[in-house]
Protein chains: 4
Amino acid sequence: MGRTFTESARRRQIVEAAIEVIADAGYAKASFARIAKHAGLSSTGMISYYFKGKDDLLREVIAEVMRVSEAYMLPRIEAETGPRARLRAYIESNVELAAAHPRELAALVEILNGQGDDAEGQFAAARQAVMDFQEHLVRTAQADGEYGPFDARVLVTAVRGAIDAVLVRVLRDPQMDVAASARELADLFDRAVRPSEVCMQPHRLPGEDA
Amino acid sequence: MGRTFTESARRRQIVEAAIEVIADAGYAKASFARIAKHAGLSSTGMISYYFKGKDDLLREVIAEVMRVSEAYMLPRIEAETGPRARLRAYIESNVELAAAHPRELAALVEILNGQGDDAEGQFAAARQAVMDFQEHLVRTAQADGEYGPFDARVLVTAVRGAIDAVLVRVLRDPQMDVAASARELADLFDRAVRPSEVCMQPHRLPGEDA
Amino acid sequence: MGRTFTESARRRQIVEAAIEVIADAGYAKASFARIAKHAGLSSTGMISYYFKGKDDLLREVIAEVMRVSEAYMLPRIEAETGPRARLRAYIESNVELAAAHPRELAALVEILNGQGDDAEGQFAAARQAVMDFQEHLVRTAQADGEYGPFDARVLVTAVRGAIDAVLVRVLRDPQMDVAASARELADLFDRAVRPSEVCMQPHRLPGEDA
Amino acid sequence: MGRTFTESARRRQIVEAAIEVIADAGYAKASFARIAKHAGLSSTGMISYYFKGKDDLLREVIAEVMRVSEAYMLPRIEAETGPRARLRAYIESNVELAAAHPRELAALVEILNGQGDDAEGQFAAARQAVMDFQEHLVRTAQADGEYGPFDARVLVTAVRGAIDAVLVRVLRDPQMDVAASARELADLFDRAVRPSEVCMQPHRLPGEDA
DNA sequence: GATGAATGAGGATTCATTCAT
DNA sequence: TATGAATGAATCCTCATTCAT
């Protein structure tokens, strides 16, 4: 069941080639032929040999990208405490991925879009799971009075969509300041989630010292 | 130059079939063959007969969807005055499209995503133009003190992405309350744009009478 | 059996459009669609209505070109007497057609080439008939001592091919002097046909030293 | 870069099939489907697998024919010395190709004609280059007094066209004596190029009365 | 294990022709 | 007489996948 060393190496090689092709040429154009050529393989047969099918390869590509994203984002999020700080960290670190791993991100965006919604959605499922968990966190924060009384699901969805949009923009326009955009987007949602009573009495914002 | 009656009818028929196929099967799967079958046409040649090529058909599909969207959104936006009310109307009416024209919206989302970024993006261009204009409006509102001092571009991008995400979610999950989601999303950004000095003085909230 | 007036007019109109399309776009690209558009007709059905098929239209095109060619060449040839003068007139007038009727000639060349040799060869037959007759003329001239003792068929074939080649060149290169080329080609064959006894003297073979 | 053995074999096989199909059915009818069937291949996809496109296959066909032609003609031409002997060798060896390699020649003629003048004429270019060089040779010979003072370009064009015409005729009519026709054609142009001073004496020009 | 050859379905598009008005 | 709508075969080409070696 375990993979041979060369087998793993080959798979990795192909996955990387796929990531680059998808990032460069777009998901629709990412045929086995292109990927094979990019990977320096002489035939597409190689890819079919190592991957059960296109879905399989795609799954691996997504897994790789998610691995990279998680490795970047998780520590940054967990370094913070409290829902608002963590939301901010989530948004910022996610946007910053565009600078840290542009190829992977570009490929991810392409896949997200090109996949056709029906696709087994192995990724969509993962994404949905994350969002469901986030929704739960939001509700908890609301119960604790740290967030206002808005619709948690809409917030989570909006955050996700906004991040994606900013990511796309940042990936496309090299003149955009990634870090600044990340901060701005985090600020934006920070303003959106704070309880509005915030300014009804003399009290401190989260993170403020007494 | 003018189109025959049946010609126009056929074109409309094909465009509608295309919209449905794209909405159902996804952009990638929307081949002439599928569209022709869905439209009850005997051959794909018919489509080529009425449309110069796939681009042409696609253009028409997008134009149709934009027409529908504009007809729905514009009056609702123009009925309001002031940047915040209009932003709210923009967001709400856009999300509500998911209930008013679900097929068209679904198709639009598919096209937006599946098109591959390379295509000159005849639509992407339109969308970008709108966003540029919105950016300008935001800056004006900021100069007038109606909006806080955030990055206009990031806001506009975030709004666009958030709407799209909510649209997708609402389209997929029939249990979602479209109107409520629309309102919630509008609220969210309304909170995000208001000047924070709001609570620095003895004041009324926007919309309050003196 | 006789054609109506409008019928003839329509046919002529279509034939002329066909000539221009073939001359401009080449035989291979000369579809009914192009011809119809060039003729200002709204559908290709018109062409099928007036012509039994593509062959029929083609036949008419060829006939028209031949009519034009004959009208130009025949008087010029018949104005001369004697085989050499007539051969010269034949060659010169044929080449000059490139200046007098460039569209028709260009179309003819295209058809000659593009038709595929199998084609019913309605034209090839006519051309062959002319050449057979010319062959006969040559033999007569040879019997009369006006031409040398060469192979008549080869001469006739060579003349035909040479004219065609010069025609093509002249049609393509607007800088070529048509009249001069015509004269030169006629001279060339005039030298080739004259009896060699003309210079009956102690002479060396090619390559021999003096 | 280097081709596999079977790859080369397949390519050759396909090229040969293409040559035969073109020779038999004509250039216009030489579709991938026909060629595949003739080559015993199961699908046209095979051809696309081995050739980048129709142009690519065509290029190979032309290259093959030119290789064959060159291999036959060049030694025969270079065996001679002096412009007239070489011109004769050029003409004779070219015509004789019809007997030596009838299929290839037939295909070549078809391609030459059917290609549509638009195609950059990768072959037409080669042919033009040869003719330009020949023109240069002719002028040199004229300067040396070995040829008469005719228009070099017209001569070269005429030679080319005459050869082609004789080739076509010889290919079509199996009763024609190829070698004799070749000799006759060479003789014809030999007479046409010799300096008229050959017979420099007090005597009448063609057309003059005694 | 690894490879390149082969497959056949499916892609868009163009074409000449037919047919009901 | 005229038209334009419809047809369906044929065009080249790309694709993911299979298979024998």
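Worth saying up front: this structure is predicted, and the values here are computed from it rather than measured. Chain naming here is simple, since letters A, B, ... match the order of the sequence lines and numbering starts at 1 in each.
- Atoms CD1 (D/Ile47) and C1' (F/dC12) sit 10 Å apart, rounded to a whole Å.
- Nearest heavy-atom pair across A/Ser69 and A/Leu105 is OG-CD2, 4.4 Å.
- A/Gly53 and A/Phe32 get closest at one heavy-atom pair: C-CZ, 4.2 Å.
- Spacing between atom OH of A/Tyr27 and atom P of F/dC15 amounts to 13 Å, rounded to whole angstrom units.
- Whole-Å rounding puts the D/Lys29 NZ to F/dT11 P distance at 10 Å.
- Dense packing is recorded around NZ of C/Lys54, with more than 12 heavy atoms of other residues, nucleotides or ligands lying under 6.0 Å away.
- No engagement by D/Phe51 is indicated, since no non-hydrogen atom pair under 4.0 Å with the nucleic acid exists.
- Dashed line: the shortest gap from a side-chain N or O of A/Ser43 to OP1 or OP2 of E/dT3 is not under 4.0 Å.
- One finds a side-chain N or O of D/Arg10 lying less than 4.0 angstrom from the OP1 or OP2 phosphate oxygen of E/dA6.
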Step by step, work out the side chain to side chain contact (heavy atoms under 4.5 Å, CB included) result for C/Ile22 and C/Arg103. CA-CA 9 Å; C/Ile22 293 172; C/Arg103 313 298 278 184; over 6 Å; no
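- One interatomic measurement links the two molecules: CG of D/Leu57 to P of F/dC12, which rounds to 10 Å at whole-angstrom precision.
- In terms of phosphate contacts, B/Thr4 brings a side-chain nitrogen or oxygen within less than 4.0 Å of OP1 or OP2 of F/dA5.
- DNA chain F forms stems at E:2-21 with F:2-21, each a run of 3 or more consecutive Watson-Crick or G-U wobble pairs whose two key distances fall under 3.5 Å.
- The distance between atom CZ of B/Arg34 and atom P of E/dG11, rounded to the nearest whole Å, is 8 Å.
- As a whole-Å value, the separation of D/Ile14 CD1 from F/dC12 P is 13 Å.
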Can you build the contact string for nucleotides 16-21 of chain E? Use B for base contact, S for sugar-phosphate-only contact, and - for no protein heavy atom under 4.0 Å. SBB---
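- Across the protein-nucleic acid pair, D/Asp56 atom CG and F/dC12 atom P stand 14 Å apart, rounded to whole Å.
- As rounded to whole Å, 10 Å separates atom P of F/dT14 from atom NZ of A/Lys37.
- Note that CD of C/Glu16 is 11.5 Å distant from CD of C/Glu60, once rounded to the nearest 0.5 Å.
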Does the pair C/Arg11 and C/Ser8 meet the rule for a side chain to side chain contact (heavy atoms under 4.5 Å, CB included), with working shown? CA-CA 5 Å; C/Arg11 285 176 67 95; C/Ser8 298; 5.7 Å; no
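- Taking each heavy atom of A/Ile14 and A/Phe51 in turn, the nearest pair found is CG2-CE1, 3.6 Å.
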D/Ile35 vs D/Leu57, side chain to side chain contact (heavy atoms under 4.5 Å, CB included): CA-CA, chis, key distance, verdict: CA-CA 11 Å; D/Ile35 295 172; D/Leu57 171 55; 3.9 Å; yes
Worked verdict on D/Glu7 versus D/Arg10 for salt bridge (Lys or Arg N to Asp or Glu O under 4.0 Å): CA-CA 5 Å; D/Glu7 181 169 359; D/Arg10 271 284 187 234; over 6 Å; no
